[in-house]
2 protein chains.
Amino acid sequence: MTSASDIHSKTVLVRKLESIATFSDEERQAILSLPSQTRVLKPGQDIVRDGDTPSQCCLILDGWAYRYKVLGEGRRQIFSFHIAGDIPDLQSLHLHTMDHTLATVTEATVAFIPHQSMRELTMRYPSVGAVLWRDTLVDAAIFREWMIGIGRKSAFGRIAHLFCEMYLKLESVGLASDHRCPLPMTQVDIGDALGLSNVHVNRVLQELRGKGLITLRSNTLVIHAWDEMIQASEFDPTYLHFEQRAAG
Amino acid sequence: MTSASDIHSKTVLVRKLESIATFSDEERQAILSLPSQTRVLKPGQDIVRDGDTPSQCCLILDGWAYRYKVLGEGRRQIFSFHIAGDIPDLQSLHLHTMDHTLATVTEATVAFIPHQSMRELTMRYPSVGAVLWRDTLVDAAIFREWMIGIGRKSAFGRIAHLFCEMYLKLESVGLASDHRCPLPMTQVDIGDALGLSNVHVNRVLQELRGKGLITLRSNTLVIHAWDEMIQASEFDPTYLHFEQRAAG
DNA sequence: TTTCATTTATAATCTATGTTATGTAACTAC
DNA sequence: GTAGTTACATAACATAGATTATAAATGAAA
């Protein structure tokens with residue numbers, strides 16, 4: 001639990017938003033000055049539930065989270081995985097009733113920011129509001145890309161695509177490099193995200209390993225053959241809408 | 001082709017946005033005063049293409065549109081169907097490169113509104129901007145719901161769910177009532193939206209008819225057994241985030 | 001070090017849905 | 001009114017991935 005003047009927690013937010021936009025110093029400062037309350041949560045713990053009407057949103061500072069909805073007979077669909085810098089329930093700012101649940105994958109440190117403060121920020125700095133809007137639009141673009149996978153790609157292509165996506169998301173905020181990244185979700189989680197059974201996820205993982213494309217051990221993914229992976233999964237990063245920056 | 005002072009074209013936009021929000025007279029007037037250029041398009045015509053960087057967005061005045069992306073070997077994933085009042089490419093206001101294509105299903109009348117005018121509107125009336133943002137968030141909520149269907153529901157449940165959703169969307173803007181609505185897409189389109197082959201879509205339609213749940217003829221859908229349909233498809237309209245209005 | 005729970009691995013069997021093929025009905029365009 | 005085109009319907013066969021079952025690793029807890 002930290003005080004409202006804790007600036008460090010929002011640097012991860014600035015870093016994330018700067019992967020899809022640019023800010024002036026004043027805008028950056030306004031984001032860093034947002035009030036927030038930090039908390040550490042256990043793995044597998046719900047943060048906001050389907051049906052809730054939250055009055056704050058949740059910034060991930062460390063660890064992983066995911067969004068899901070449960071159906072009858074134990075079926076579950078996972079919509080997204082989230083990492084440090086993400087605000088996975090930013091949509092609750094304008095959709096007052098949650099239509100799904102947000103939960104932790106790993107132990108996670110999260111900062112809660114009051115909706116009221118977010119609204120004041122977007123009113124005072126409409127250009128920051130536009131970036132937050134943009135962030136929710138990228139979120140939607142990722143949903144569309146997942147729809148393509150679940151609807152029209154093989155299990156092999158789907159899993160390879162997810163791995164490429166997660167690697168690039170982590171790399172874009174400095175949490176991965178050299179085609180190596182953390183990947184803490186279970187095979188059941190991967191299946192529920194991609195519309196597959198855990199058994200079939202396991203089969204495909206063996207296949208990916210057998211072909212020498214990846215290593216996946218102790219929650220660490222290494223992609224050995226990036227080009228083959230993006231080709232096999234028809235991966236094109238356009239949909240992530242990263243801000244283009246001069247290389248260097 | 002109409003002049004910039006054509007107010008009637010924006011009344012369908014106001015009607016649509018009032019299905020998910022409320023406006024003051026001044027806000028309503030500001031929306032009606034947006035400049036636009038109207039055009040009539042043939043069925044199956046692309047409006048904005050994957051890779052384009054449009055400087056306007058497209059308001060549907062009449063007819064149906066849909067969004068899709070094509071993969072290799074003729075595979076196609078449809079992301080959404082759109083009706084009068086929708087701005088299917090509103091996301092292009094903040095995502096500058098299209099990551100999919102928008103096209104007409106039927107002959108359609110559309111109004112193009114310059115991004116610049118939309119930006120000015122959101123700057124002058126932040127509350128209107130919030131409603132437009134909200135509209136893109138509902139769009140994303142519908143993507144999530146489709147992911148559930150494609151990932152975790154049977155073909156039967158998916159198709160029934162789509163029919164319930166389209167009926168409610170049309171009803172909410174006064175384009176349907178009595179569980180009867182237009183449904184102009186082909187069985188191939190339905191398959192590409194729900195991750196099914198056209199053959200299987202046909203099988204399931206026969207089954208829906210055989211059980212007396214629906215009639216579907218000449219692009220008109222009638223849902224005879226609403227309760228059974230929503231039960232079979234696990235349909236819960238919360239995700240559409242309609243503005244609650246006092247019944248009357 | 002043993003216990004308990006979770007995750008991963010693997011095999012055998014089954015099924016929902018895909019694929020291919022063909023015919024018919026409904027529109028469109030002269 | 002006929003030709004061409006598109007959409008719908010149906011059958012036979014094929015398969016990707018589901019289901020069920022079991023057990024081996026792994027890791028946390030005591």
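Reminder, nothing fancy here: chain letters follow the sequence lines and each chain counts from 1.
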I'd like a table of atom pairs between the protein and nucleotides 26-30 of chain D - only N or O on both sides, under 3.5 Å - with the distance next to each one.
none

Are any of the side-chain nitrogens in [X] or [Y] under 4.0 Å away from the carboxylate oxygens of its partner?
X: D192(A); Y: R152(B); result: yes
X: K69(B); Y: D99(B); result: no
X: R75(A); Y: E234(B); result: yes

Problem set entry | Upstream residue (5' side of DNA chain D) when V199(B) and N219(B) are each assigned their closest nucleotide | N219(B)
Exercise. So which of residues 180-198 of chain B are in contact with DNA chain C, with a heavy-atom cut-off of under 4.0 Å?
Worked result: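 Nucleic-acid contacts, sorted: G195(B), L196(B), S197(B).
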Problem set entry | Within residues 201-212 of chain B, residues whose heavy atoms come under 4.0 Å of DNA chain C | R203(B)
Seminar exercise, completed: Checking R15(B), R67(B), K16(B) against D86(B) for salt bridge (Lys or Arg N to Asp or Glu O under 4.0 Å), the one that qualifies is K16(B)
Exercise. Starting at NE2 of H200(B) and ending at C1' of dT20(C), how long is that distance when rounded to a whole Å?
Worked result: 16 Å
For this session: Return the value, rounded to whole Å, for the distance between atom CZ of R217(A) and atom C1' of dA9(C).
Result: 16 Å
For this session: Scan residues 146-155 of chain A against DNA chain D and write down, sorted by residue number, each residue with any heavy atom closer than 4.0 Å; if none is found, say none.
Result: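 Listed by number, they are S154(A), A155(A).
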Exercise. Bend angle of the helix from dT1(C)-dA30(D) to dC30(C)-dG1(D) from five-pair axes at both ends, rounded to 10°?
Worked result: 50°
Exercise. Taking the inter-plane angle between the rings of Y66(B) and Y68(B) on a 0 to 90° scale, is it parallel (under 30°), tilted (30 to 60°) or perpendicular (over 60°)?
Worked result: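 Ring orientation of Y66(B) relative to Y68(B): parallel.
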For this session: Go through I47(A) and F112(A) one step at a time and tell me if the side-chain contact (heavy atoms from CB on, under 4.5 Å) criterion holds.
Result: CA-CA 10 Å; I47(A) 303 173; F112(A) 292 101; 3.8 Å; yes
Got a sec: does the [atom1] of [X] have more than 12 other heavy atoms crowding it under 6.0 Å?
X: E228(B); atom1: CD; answer: no
X: Q231(A); atom1: CD; answer: no
X: Q45(A); atom1: CD; answer: yes
X: R209(B); atom1: CZ; answer: yes

Please tabulate, for side-chain N and O atoms in residues 175-183 of chain B, each donor-acceptor pair with protein atoms closer than 3.5 Å (sequence neighbours left out).
none

Exercise. What's the verdict on ring pair (Phe, Tyr, Trp, His ring centres under 6.0 Å) for F143(A) and H100(A), showing C-alpha distance, side-chain angles and the deciding distance?
Worked result: CA-CA 14 Å; F143(A) 293 149; H100(A) 61 279; 7.9 Å; no
For this session: Examine K211(B) relative to F156(B) and say whether NZ or CZ is less than 6.0 Å from the centre of the six-membered ring and inside a 45° cone about the ring axis.
Result: yes
For this session: State whether the side chain of D52(A) and the backbone N or O of P54(A) hold a donor-acceptor pair below 3.5 Å, judged by distance alone.
Result: no
For this session: Check whether any side-chain N or O of D189(B) sits under 3.5 Å from a backbone N or O of T186(B) as a donor-acceptor pair, and report yes or no.
Result: yes
